[in-house]
**Student:** 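Sharing a structure, written as C-alpha cells. Questions coming.
These numbers come from the heavy atoms of this one structure, side chains and all, not from hydrogens, waters or symmetry mates. Each ligand, and each atom within it, is numbered from 1 in the order the structure gives. Every value quoted in this text rests on a predicted model; they were computed, and no experiment measured them.
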Amino acid sequence: MFNALTIAGSDSCGGAGIQADLKAFSANGVYGMSVITAVTAQNTMGVFGIQDISPEIIKGQIDAIFDDIEVHGIKIGMVSKIESIKAVAQSLEKIKKLPYIVLDPVMVSKSRFKLLSEDATKTLIEELLPLSFLITPNIPEAEEITGRKISNIDDMKQAAKELHKMGPKNVLVKGGHLNGPATDIFYDSVNFSEIKGERIDTIHTHGTGCTLSSAIAANLAKGMEVLSAVTMGKNYVAKAIEKGFKLGKGVGPTHHFYELYRKAGILDE
Ligand SMILES: Nc1ncnc2c1ncn2[C@@H]1O[C@H](COP(=O)(O)OP(=O)(O)OP(=O)(O)O)[C@@H](O)[C@H]1O
Ligand SMILES: Cc1ncc(CO)c(N)n1
C-alpha cells in the first residue's frame with residue numbers, strides 16, 4: 001500500500017485543507033497521514049478564526065511519522081506563520097531520502113481570508129520552494145510570488161518560468177481564477193504543457209486547489225511520472241468539481257467519492 005502525507009491546516013467544514021487532502025488521498029488509492037499546522041474555524045461562507053499549532057508540535061508530528069514510516073508522497077498546503085514554515089522546512093531538511101513534495105502555496109481562502117501572514121511570503125519562497133518537486137500556485141498566488149500581473153496564458157507561462165528559477169523542479173500555474181476555459185500551465189524547465197479543462201458552471205468550488213494538489217501527490221506516491229500525475233490529477237479535480245454539491249449556505253465542496261457512491265448505489269444527484 002502506498003501512502004501520502006499532508007502538511008496543512010484543518011478546515012472545520014471539511015471542504016478544504018487537511019480534510020479535503022485525506023479524502024483525495026483515499027479516493028486516489030493511497031493511505032493518508034496528516035501533520036496539522038493550524039486549525040481554522042471555517043464553513044462554506046468564510047473563515048472566522050485561526051489557531052496556529054506550535055512549531056514544536058509541528059516538528060513533533062513530522063518526526064513521529066518519519067521516525068517510523070517510509071513516506072511515498074507529501075503535499076504541503078496552508079502553513080501560515082514564519083515560525084511554522086521554518087519548523088516544516090527544518091524537519092524535512094533532516095530527512096535523508098525525501099519523497100516528492102507537492103507544495104500548494106496557500107495564501108488566501110476563496111472567501112478572501114488571509115491564510116498566510118503578510119510577512120511570511122518571503123520565508124515561504126526561501127524555505128519551501130527549493131524543497132519542492134512541484135508547486136501549484138493559483139493566479140493570485142503566482143502574482144504575489146513573482147510580482148507580475150497575470151491576465152492570460154502567455155503571462156502564466158512567463159510566471160511559471162520565473163517561479164521555476166526559485167527552486168522547484170516543476171511548476172503548475174492553475175487557471176481557475178481566469179475567465180474562459182480552466183487551463184493550467186505545466187512547466188518542467190524545458191517544456192510547457194497546457195493542461196486543458198472545460199470551465200464547469202458551479203459555485204461549489206470550495207477546496208479545488210487542495211483537491212488537485214493532493215490528487216497529484218497521491219499519483220506521484222504511486223510512482224506515476226510527473227506529467228501523467230498532473231494530468232490525472234486535473235481529470236480527478238474536474239470530476240470532483242462537476243459533482244460538487246450544496247453544503248450549508250455558501251460555497252459547497254468538491255465530491256471525492258462520487259464513483260464509489262455510484263457503484264454502491266448511494267447516488268446523491
Ligand atoms: N469552475 C471550474 N471548472 C473547471 N475547473 C476548475 C474550475 N475552477 C477551478 N478549476 C480547476 O481546479 C483546479 C484548482 O484551481 P483553482 O485556481 O480553483 O485553485 P485554488 O484557487 O488554489 O483553490 P482553493 O480555493 O482551494 O485555494 C485547477 O485545475 C483549475 O483549473
Ligand atoms: C485550512 C485551509 N487550507 C486551504 C484552504 C484553501 O483556500 C482553505 N480554505 N482552508
**Student:** When only distance counts, is Val108 in polar contact with ligand 1, meaning an N/O pair under 3.5 Å?
**Tutor:** no

**Student:** What residues form a side-chain hydrogen bond (donor to acceptor under 3.5 Å, both in side chains) with Glu198, not counting sequence neighbours?
**Tutor:** none

**Student:** At the 4.0 Å heavy-atom cut-off, does Cys210 count as touching ligand 1?
**Tutor:** yes

**Student:** For atom 2 (C) of ligand 1, which protein heavy atom lies nearest, and how many Å away is it?
**Tutor:** Ile200 N, 3.7 Å

**Student:** Using a strict 4.0 Å cut-off to heavy atoms of Met78, name the atoms of ligand 2 that fall inside it.
**Tutor:** 1 (C), 3 (N)

**Student:** Examine Ile241 against ligand 1 and note whether any of their N/O atoms are separated by less than 3.5 Å.
**Tutor:** no

**Student:** What is the ring orientation for His255 with Tyr258, classed by angle as parallel under 30°, tilted 30 to 60°, or perpendicular over 60°?
**Tutor:** perpendicular

**Student:** Could you tell me, atom by atom, which parts of ligand 2 come under 4.0 Å of a heavy atom of Ser10?
**Tutor:** 1 (C)

**Student:** Write down the atom of Ile74, the atom of Ala217, and the distance for their closest heavy-atom approach.
**Tutor:** O-CB, 4.0 Å

**Student:** So which heavy atom in the protein is nearest atom 5 (N) of ligand 1, and how far is it from that ligand atom?
**Tutor:** Ala182 CB, 3.4 Å

**Student:** Any idea which of Thr205, Val106, Asn138 brings a heavy atom closest to atom 27 (O) of ligand 1?
**Tutor:** Asn138

**Student:** Residue-level breakdown please: for Leu115 versus ligand 2, do any non-hydrogen atoms fall below 4.0 Å on the side chain, on the backbone, on both, or on neither?
**Tutor:** side chain

**Student:** Using a 4.0 Å cutoff against the non-hydrogen atoms of Gly207, which atoms of ligand 1 qualify?
**Tutor:** 26 (O)

**Student:** Please indicate whether any nitrogen or oxygen in Asp184 is less than 3.5 Å from any nitrogen or oxygen in ligand 1.
**Tutor:** yes

**Student:** Nearest to atom 19 (O) of ligand 1, what protein heavy atom do you find, and at what distance?
**Tutor:** Lys174 NZ, 3.5 Å

**Student:** Can you check whether Leu116's main-chain N or O pairs, donor with acceptor, with Ser80's side chain at less than 3.5 Å?
**Tutor:** no

**Student:** Between Leu124 and Val106, is there a shared hydrophobic cluster once you connect ILVMFWY residues whose side-chain heavy atoms come closer than 4.5 Å?
**Tutor:** no

**Student:** What I want to know is whether His177 and ligand 1 share at least one N or O pair that is separated by under 3.5 angstrom.
**Tutor:** yes

**Student:** Quick one: does Glu162's side chain have a donor or acceptor within less than 3.5 Å of a partner on Ala159's backbone?
**Tutor:** no

**Student:** Under 3.5 Å between any N/O of Asp104 and any N/O of ligand 1: does that happen in this structure?
**Tutor:** no

**Student:** Salt bridge or not between Glu127 and Lys86? Use side-chain N to carboxylate O under 4.0 Å.
**Tutor:** no

**Student:** Under 4.0 Å from a heavy atom of Glu198: give me the atoms of ligand 1 that qualify, with their elements.
**Tutor:** 3 (N), 4 (C)

**Student:** Any chance CD1 of Ile200 has more than 12 other-residue heavy atoms, nucleotides or ligands included, within less than 6.0 Å?
**Tutor:** yes

**Student:** Pick whichever of Gly9, Gly15, Gly209 has a heavy atom sitting closest to atom 1 (C) of ligand 2.
**Tutor:** Gly9

**Student:** One thing to verify: whether Glu194 and Lys157 come together as a salt bridge, which I'm taking to mean a side-chain N less than 4.0 angstrom from a carboxylate O.
**Tutor:** yes

**Student:** What are the atoms of ligand 2, with element, lying closer than 4.0 Å to any heavy atom of Ser109?
**Tutor:** 7 (O), 9 (N)

**Student:** List ligand 2 atoms under 4.0 Å from Ala16, heavy atoms only on the residue side.
**Tutor:** 5 (C), 8 (C), 9 (N), 10 (N)

**Student:** Out of Lys110, Gln42, Gln19, who is nearest to atom 9 (N) of ligand 2 when you count heavy atoms only?
**Tutor:** Gln42

**Student:** Any idea which part of Leu212 is under 4.0 Å from ligand 1, heavy-atom wise: side chain, backbone, both or neither?
**Tutor:** side chain

**Student:** Check for a donor-acceptor pair, side chain of Ser109 on one end and backbone N or O of Ser111 on the other, with a separation under 3.5 Å.
**Tutor:** yes

**Student:** Considering only heavy atoms of Lys110, which atoms of ligand 1 have at least one such atom less than 4.0 Å away?
**Tutor:** 18 (O), 23 (O), 24 (P), 25 (O)

**Student:** For atom 26 (O) of ligand 1, what's the nearest protein heavy atom and its distance?
**Tutor:** Gly209 N, 2.9 Å

**Student:** Can you pull out the closest protein heavy atom to atom 6 (C) of ligand 2? Residue, atom name and distance to 0.1 Å, please.
**Tutor:** Cys210 SG, 4.0 Å

**Student:** Short N/O distance, under 3.5 Å, between Thr208 and ligand 1?
**Tutor:** yes

**Student:** Cut-off 3.5 Å, side chains only: do Glu126 and Thr123 have a donor facing an acceptor?
**Tutor:** no

**Student:** Mind checking whether Thr183 has an N or O less than 3.5 Å away from an N or O of ligand 1?
**Tutor:** no

**Student:** Taking only residues at least two apart or on different chains, which pairs with a member in residues 108-118 satisfy salt bridge (Lys or Arg N to Asp or Glu O under 4.0 Å)?
**Tutor:** Lys114-Glu118

**Student:** Classify the angle between the aromatic ring planes of Phe2 and His72 as parallel (below 30°), tilted (30 to 60°) or perpendicular (above 60°).
**Tutor:** perpendicular

**Student:** Any carboxylate oxygen within less than 4.0 angstrom of a Lys/Arg side-chain nitrogen, looking at Lys169 and Asp188?
**Tutor:** no

**Student:** What protein heavy atom lies closest to atom 9 (C) of ligand 1? Include the residue and the distance to one decimal.
**Tutor:** Gly176 CA, 3.7 Å

**Student:** Considering the options Thr136, Asp21, Thr6, which one meets the side-chain hydrogen bond (donor to acceptor under 3.5 Å, both in side chains) requirement together with Lys75?
**Tutor:** Asp21

